[in-house]
Amino acid sequence: MGSQVKTLFVTAIIAILAVGCGGESDNSLSLQEPWCGNGMCEFGEFCSVCPDDCDCKTLAATPPMGWNSWNRFGCDIDEAMCRETADAMVESGMRDAGYVYLNLDDCWQTDRSRDGTIIADPERFPSGIPALADYVHSRGLKFGLYTCAGTETCQERPGSAGYEEIDARTYAEWEVDYVKVDWCNTEGMDARTQYGIMRDALAASGRPMVFSICNWGYFQPHIWGPYTGHLWRTTGDIADSFVRMLYNFYITQSLPSFAGPGHWNDPDMLEVGNGGMSAEEYRTHFSLWAILAAPLIAGNDLREMSGETRDILLNREVIAVDQDPLGIPGLRVSGSLTGVWARPLAREGARAVVLFNGLWFPAQVKVRWSDVGLAEGEAQVRDLWQHRELGPYDQGYGAQLQPHQSVMLLVTGKEHAPCSGTTYLSDYPWMYAANGEGVVYRDLNTTGHPITLGERAYHKGLGVLASSVILYHLGGRCTSFAADIGIDDEVGEAGTVVFQVLADNELVYDSGLMTGSMEPRSIRVPLDGVHLLKLMVANTGDSLYGDHADWADTTITCQ
Ligand code: GLA
């Protein structure tokens, strides 16, 4: 090719690629990364850089799925029912659909022996817990137990306070895979400290066990939970009623940026199939849990499920949304009591979307592609409850919804493409942006004031409050990312955060601890061939006070 032709050719290619680049979008969505629970990896380490012997890569990388005895059976549990439930999990196809944990809740324990070892109820569990765990394992399932951080459980059985080490060791010996730790009878205790003791005890036991923190959202577990356990309850107990289920959903949906692979918000176990809601309401319950990336822990009697209940719990398309490996919790993109929630999925251009009517009269609910961070144009729409393609739709999709109804969609559209040259990221539409307690600000700090770092005011940048996650689609066309990072001058010396940049989910920059008394830093990160850029600011498990983090003058340079 002659050099003139070559130049023309390259210019034409650049022009073609540049068509449809940039653009405006006012949506917000977001996420967080694989922190490793069980104390196996230190704060801020990612699974991909864990030591060889670290098992955290696979522990709760997606939200745990299984069954728990409490919602349906309360204290009325025994080994025969548990074995039958294990059988039912296999025969119904639940296990193969991903429900692998069989978890005993409160009331399996009655006492402690003289050396402090916990004792199972000899009448209800005459063969002992190890035999039950063996049976559960023999069915290809995993086994979970319940305890309480306090002196007694909520049903006045022996609690773990002061017995954390011996309990963790006992669970490990019994080959327990999942431990739920409640918060009754904890007067005078600090949750972060108390759950930290159990985390360390579980880690010292040497057996990887999913650690489920159940302190009902008290003491802001979403802040310290990611450094303590794999999931934490965000609310009080669910009940088998639409209103109560919705309450738990609304609280949890306000915290997307704190959850991600290895650490999940838990709006409590499922009530699907327990009889207190209509089939339509249970479908909504299941859709809302999946869009949140919530743990799916069934709470009904699996031995006698109706066809309708089966169809809900075994809807593999909805389960696939919940278990999407990108692990980004859904975000409200419009509305409130009727509204739209969405999350980006691992596959390029894919979004899971729930249109939901929480009102008691019919309502029209609509999603625009720009709301979910997609570019203008056509997108394919699939209904995940009807299991059928609805066809291509331009701009967006709307539906008339009955009271309490929801529609769950898989939308596959076009991602934005960055312009060639150097672009401020605050001028480029994100796929998703979630911020500690609100929205990500463009060209302002997280309180809506000018970005100021090291006494320098910046006109461009992104202002966030830890923890926050912002995702951008780069389509493999960019070469580098640059920013000045630090804690905004407006908080003085307050604030403790960690800035992280992930390229296609690989950690490529980690600031380590940055405090308000440190100088800002200029960073430059190579991005060749990267499709997904993730900017994260993590809080450090203390509080969000002063965590006003700035990505100032943030740019990408692309071809
Ligand atoms: C608390 C928990 C429930 C259940 C009961 C058992 O209320 O939040 O999930 O474990 O205790 O007593």
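Since the structure is predicted, the reported quantities are computational estimates derived from the model, not experimental observations. Along the sequence shown, residues carry numbers from 1. First listed ligand is number 1; within each ligand, the first listed atom is number 1.
- Looking at E280 and H404, their side chains never bring a donor and an acceptor atom within 3.5 Å of each other.
- Scanning the protein heavy atoms around atom 1 (C) of ligand 1, the nearest turns out to be D182 OD2, 2.9 Å.
- Neither the backbone nor the side chain of C107 has any atom closer than 4.0 Å to an atom of ligand 1 (non-hydrogen atoms only).
- Every atom of ligand 1 with a heavy atom of C214 under 4.0 Å away is listed here by number and element: 2 (C), 8 (O).
- Within ligand 1, counting atoms from 1 as listed, the ones closer than 4.0 Å to a heavy atom of R233 are 8 (O), 9 (O).
- When the shell of 6.0 Å around CD of E165 is examined, it contains 12 or fewer heavy atoms from other residues, nucleotides or ligands.
- Checking D182 against W216 by side-chain atom types alone, a donor-acceptor pair falls below 3.5 Å.
- At a 3.5 angstrom cut-off on N or O pairs, Q155 counts as close to ligand 1.
- Between the side chains of Y146 and D106, at least one donor-acceptor pair of N or O atoms lies under 3.5 Å.
- Side-chain atoms of N357 and T338 form no donor-acceptor pair, as typed in the model, at a separation below 3.5 Å.
- Of the protein's non-hydrogen atoms, D237 OD2, 2.6 Å is the one closest to atom 7 (O) of ligand 1.
- For W224 and F219, the gap between ring centers reaches or exceeds 6.0 Å.
- Looking at ligand 1, you won't find any N or O of W70 less than 3.5 Å from one of its N or O atoms.
- In this structure, atom 9 (O) of ligand 1 lies nearest to the protein heavy atom K180 NZ, 2.8 Å.
- Between Y250 and W341, the ring planes lie perpendicular to each other; the angle is over 60°, past the 30° to 60° tilted range.
- A donor-acceptor contact closer than 3.5 angstrom links the side chains of D240 and Y282.
- Protein heavy atom nearest atom 12 (O) of ligand 1, with residue, atom name and distance: D106 OD2, 2.8 Å.
- Each of the following atoms of ligand 1 lies closer than 4.0 Å to a heavy atom of C154: 1 (C), 11 (O), 12 (O).
- Nearest protein neighbour of atom 10 (O) of ligand 1, counting heavy atoms only, is D105 OD1, 2.6 Å.
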